Chemist: 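What follows is a structure written as structure tokens; I'll ask about it next.
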2 protein chains.
Amino acid sequence: MTITIKDIANRAGLSAASVSRILTNRGRFSEKTAQHVRQLADEMGYYKNQSAADLSQKESRVIGVLVPITHTNFADEIIKGMQGKATELGYELLIAFIASDNQQQLKTIKSLLSRQLLAVVMLAIEIKDNTFKVLENADILLLSVSNQLNNVMPSISSDNYSMMFTIVDYLYQKGHRQIALIGASDQHSTVANLRRQGFIDALLKHKINYNPDFIYGDENAYQTGLNAIQKFGKPLPFTAVIGSADIISIGLLNGAKDAGIKVPDDLSIITIDGTELTELTRPILTAAQQNFAKMGELAITTLAGQKLSPDTVVFTNITLKQGGTVAQLD
Amino acid sequence: MTITIKDIANRAGLSAASVSRILTNRGRFSEKTAQHVRQLADEMGYYKNQSAADLSQKESRVIGVLVPITHTNFADEIIKGMQGKATELGYELLIAFIASDNQQQLKTIKSLLSRQLLAVVMLAIEIKDNTFKVLENADILLLSVSNQLNNVMPSISSDNYSMMFTIVDYLYQKGHRQIALIGASDQHSTVANLRRQGFIDALLKHKINYNPDFIYGDENAYQTGLNAIQKFGKPLPFTAVIGSADIISIGLLNGAKDAGIKVPDDLSIITIDGTELTELTRPILTAAQQNFAKMGELAITTLAGQKLSPDTVVFTNITLKQGGTVAQLD
DNA sequence: GTTTTTTGAGTAAACGTTTACGCAATAGTT
DNA sequence: AACTATTGCGTAAACGTTTACTCAAAAAAC
């Protein structure tokens with residue numbers, strides 16, 4: 001038998017309403033009785049029935065978080081950032097892992113929407129049309145983190161376009177003139193589109209004539225990196241390569257190692273993301289590091305502000321983290 | 001304004017009770033009206049208010065899952081396993097990331113307990129005494145997954161004792177007689193204790209005299225592996241080393257590489273866990289692979305069975321996954 | 001000392017769903 | 001045709017909390 005507010009009220013000789021006011025710290029009550037009640041609640045092992053509370057309250061402080069179940073190692077960092085700010089501002093996170101299977105996906109979303117939510121935050125999810133419809137119809141605040149989705153849904157991410165200038169500038173300054181971009185070919189991904197465009201424009205800026213063959217691979221996977229090296233063969237037609245995610249870059253690195261290509265002597269690699277994974281390779285990967293924790297924090301503060309429209313875009317900065325995979329040429 | 005069961009009832013010319021019966025598929029109703037109601041619900045964009053449902057139901061089908069926020073790469077696999085079985089059996093997972101900070105930890109637990117839960121599942125969490133007290137007092141089903149906690153709480157894990165026999169047998173058969181164990185020194189961890197004991201007994205079985213110095217390092221971290229190599233120096237006094245977690249083993253591997261020790265020629269490494277991380281190294285790590293997905297599935301089925309006592313222990317099998325880090329001696 | 005303001009706490013309704021119970025209408029049995 | 005069994009659905013209470021409204025008592029103001 002669970003303890004309710006009424007049990008406490010009885011013991012304290014009060015009404016349930018008074019106990020509620022005290023425990024939620026709202027309305028009027030005397031500090032003296034409050035102390036007594038709080039102590040009783042503690043003693044009796046009382047836990048608020050959140051369902052009942054939710055039901056009687058109009059406004060929700062629960063934020064749903066959709067995380068892809070296919071393991072992305074930066075999701076944790078975003079969540080960590082969110083969690084800190086959330087507890088600070090009195091929000092609660094409801095985390096749901098979402099599968100790629102369409103059937104299960106809808107089930108997850110439905111069960112999320114069954115809870116009264118303030119908003120749904122999607123971490124790096126390329127959302128499918130039918131799933132999106134469901135979310136849109138549910139008229140709930142939506143926010144995409146790490147995945148830039150211009151004009152579809154407000155998002156918090158790095159500036160994927162200008163990020164490529166930072167990267168290309170760096171490689172250029174290190175003497176590289178033949179540069180490939182691996183893992184950003186997906187035409188349906190806004191992020192990939194922005195990265196390709198930024199890449200091309202950045203090359204143009206440096207008067208490097210751009211070779212479309214050097215943009216290869218669309219899947220965010222280890223295998224993409226391995227495949228890329230195999231495809232271009234030895235000797236490679238470029239001196240530097242940009243991996244569009246850490247896991248891709250590790251594929252590039254291992255692919256190179258397997259093919260007898262020395263990194264960074266024969267091939268320079270720079271990776272986008274810069275999660276802790278990049279510390280585990282030899283050499284350590286040089287990275288355009290995204291500030292995932294910051295994205296998480298901003299997600300919460302943005303939602304707290306609530307002035308969101310589909311074209312709201314908040315950018316976080318990237319940092320060039322030196323590793324050992326980029327060589328200075330000549 | 002959100003759609004409730006009443007709105008549907010009005011439109012259908014029914015009572016709320018009938019709609020509820022239809023949508024929950026309980027009690028009596030005619031298939032004809034049911035179809036109509038289901039269609040209306042769909043059209044009107046109805047989502048059950050789970051809070052209200054929870055409130056009026058005695059039995060909960062929600063299982064809380066406590067996941068350490070410090071990123072363990074097998075947690076995802078366990079969750080994946082749990083999620084599959086959970087949706088299959090009609091349970092719902094409520095995932096909460098738990099920090100190491102004591103204050104936040106209690107906050108997380110409290111908010112978990114505020115939801116009406118069937119059980120709390122803890123993934124690889126070394127629980128602190130005061131946190132455990134809170135959970136224990138809340139009298140809720142508890143289950144520990146991947147962390148074997150004999151007699152404290154029912155648990156699902158590999159058999160950490162006999163696992164060491166499998167590993168040592170394998171290394172012995174490959175000709176190794178000097179073997180170290182890294183990352184299992186923590187005296188307060190049941191798992192570590194079992195692994196040490198198993199390790200020692202397995203050596204004894206092969207009449208290898210056991211050197212206590214060869215058991216080193218207590219933290220489940222990359223740095224532990226690096227440190228171990230540094231501590232023992234070159235040449236290493238052992239020919240094989242067991243890393244008590246993938247991340248430790250990667251530390252060992254990189255530490256060896258940094259020290260100019262060749263793997264597997266100068267040092268054989270076998271890792272415990274065998275997550276996808278082990279595929280990313282060169283050479284690929286040989287692993288005693290735990291079946292995390294299976295643990296997740298068993299967690300749900302065990303809870304569904306509900307015949308749990310603190311000394312319930314369910315074991316999953318381990319698999320020896322050949323990589324390239326163990327050499328055949330002589 | 002009277003009037004006004006403030007304070008502490010109770011009453012009751014509300015949130016949206018589920019479910020035990022009851023009843024009329026229909027179907028089934030003889 | 002008379003009875004029994006079944007079916008479909010409505011009524012109303014219940015779940016535990018919050019909160020607008022009230023009101024008496026206490027405190028403050030005059």
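Remember, it's a predicted structure, so these values are computed and weren't measured experimentally. Each chain gets a letter, A, B and so on, in the order the sequences are listed, and its residues count up from 1.
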Chemist: Measure from CG on A/N10 to P on C/dG10 and round the result to the nearest Å.
Modeler: 11 Å
Chemist: Can you check whether B/A99's main-chain N or O pairs, donor with acceptor, with B/Q105's side chain at less than 3.5 Å?
Modeler: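 The answer is yes, because a donor-acceptor pair under 3.5 Å joins these two groups.
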Chemist: Using a 4.5 Å cut-off on heavy atoms from C-beta on, say whether the side chain of A/V145 contacts that of A/L298.
Modeler: no
Chemist: Which residues satisfy the salt bridge (Lys or Arg N to Asp or Glu O under 4.0 Å) test with A/K85, sequence neighbours excluded?
Modeler: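 Checked A/K85 against salt bridge (Lys or Arg N to Asp or Glu O under 4.0 Å); matches are A/E88.
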Chemist: Is there side-chain contact between A/V37 and A/F29, with heavy atoms separated by less than 4.5 Å?
Modeler: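 Of all side-chain heavy-atom pairs linking A/F29 with A/V37, none is under 4.5 Å.
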Chemist: Taking DNA chain D as the partner, which of residues 34-56 of chain A come within under 4.0 angstrom of it by heavy atom?
Modeler: A/Y46, A/K48, A/N49, A/A52, A/A53, A/S56
Chemist: Could you go through A/I109 and A/T131, starting from their C-alpha distance and side-chain angles, then the distance that decides it, and tell me whether this counts as side chain to side chain contact (heavy atoms under 4.5 Å, CB included)?
Modeler: CA-CA 8 Å; A/I109 301 254; A/T131 316; 3.5 Å; yes
Chemist: As a quick check of understanding, evaluate side chain to side chain contact (heavy atoms under 4.5 Å, CB included) for B/V121 and B/M82, giving each step before the final call.
Modeler: CA-CA 10 Å; B/V121 175; B/M82 291 182 70; 4.0 Å; yes
Chemist: State whether the number of non-hydrogen atoms from other residues, nucleotides or ligands found under 6.0 Å of B/N317 atom CG is greater than 12.
Modeler: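 No, not enclosed.
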Chemist: First and last nucleotide of DNA chain D in contact with chain A, 5' to 3', at under 4.0 Å to a heavy atom: what are they?
Modeler: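 Both ends considered, the range comes out as D/dG16 to D/dA20.
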Chemist: Under 3.5 Å for both distances, Watson-Crick or G-U wobble, that's the pair rule; now give the dot-bracket for DNA chain D, with | marking pairs to another strand and [ ] for crossing ones.
Modeler: ||||||||||||||||||||||||||||||
Chemist: Okay, side chain of B/D273, backbone of B/T275: is any donor-acceptor separation there less than 3.5 Å?
Modeler: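 Side chain of B/D273 to backbone of B/T275: no pair is present.
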Chemist: For B/S15, answer base if it contacts any base atom (sugar-phosphate contacts may also be present), sugar-phosphate if it contacts only those atoms, and nothing otherwise; contact means non-hydrogen atoms under 4.0 Å.
Modeler: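 It contacts base atoms.
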Chemist: Does a sphere of radius 6.0 Å around CZ in B/R11 hold more than 12 heavy atoms from other residues, nucleotides or ligands, not counting ones at 6.0 Å or beyond?
Modeler: no
Chemist: B/F97 vs A/F97 aromatic rings, parallel, tilted or perpendicular, using cut-offs 30° and 60°?
Modeler: tilted
Chemist: Has the side chain of B/S189 got a donor or acceptor atom that lies under 3.5 Å from a matching backbone atom of B/D186?
Modeler: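 No.
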Chemist: Using a 4.0 Å heavy-atom cut-off, does A/R26 contact any base of the nucleic acid, only the sugar-phosphate backbone, or nothing at all?
Modeler: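 Answer is sugar-phosphate: A/R26 comes under 4.0 Å of backbone atoms only.
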Chemist: Please enumerate all residues that pass side chain to side chain donor-acceptor pair (under 3.5 Å) together with A/S15, with sequence neighbours excluded.
Modeler: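 Per chain and number, A/S15 pairs via side chain to side chain donor-acceptor pair (under 3.5 Å) with A/S18.
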Chemist: Roughly how many Å is it from CZ in A/R21 to C1' in C/dT11, rounded to a whole number?
Modeler: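 Nearest whole value for this atom pair: 10 Å.
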Chemist: With the threshold set at under 4.0 Å for non-hydrogen atoms, list the residues of residues 108-117 of chain B touching DNA chain C in residue-number order.
Modeler: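 Of all residues in residues 108-117 of chain B, none places a heavy atom under 4.0 Å from DNA chain C.
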Chemist: Verify salt bridge (Lys or Arg N to Asp or Glu O under 4.0 Å) between A/R115 and B/D54, making sure each step is shown before the conclusion.
Modeler: CA-CA 10 Å; A/R115 315 255 154 205; B/D54 285 350; 3.5 Å; yes
Chemist: Under 4.0 Å, heavy atoms only, any strand: does B/S20 hit a base, just the sugar-phosphate, or nothing?
Modeler: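 The residue B/S20 makes base contact.
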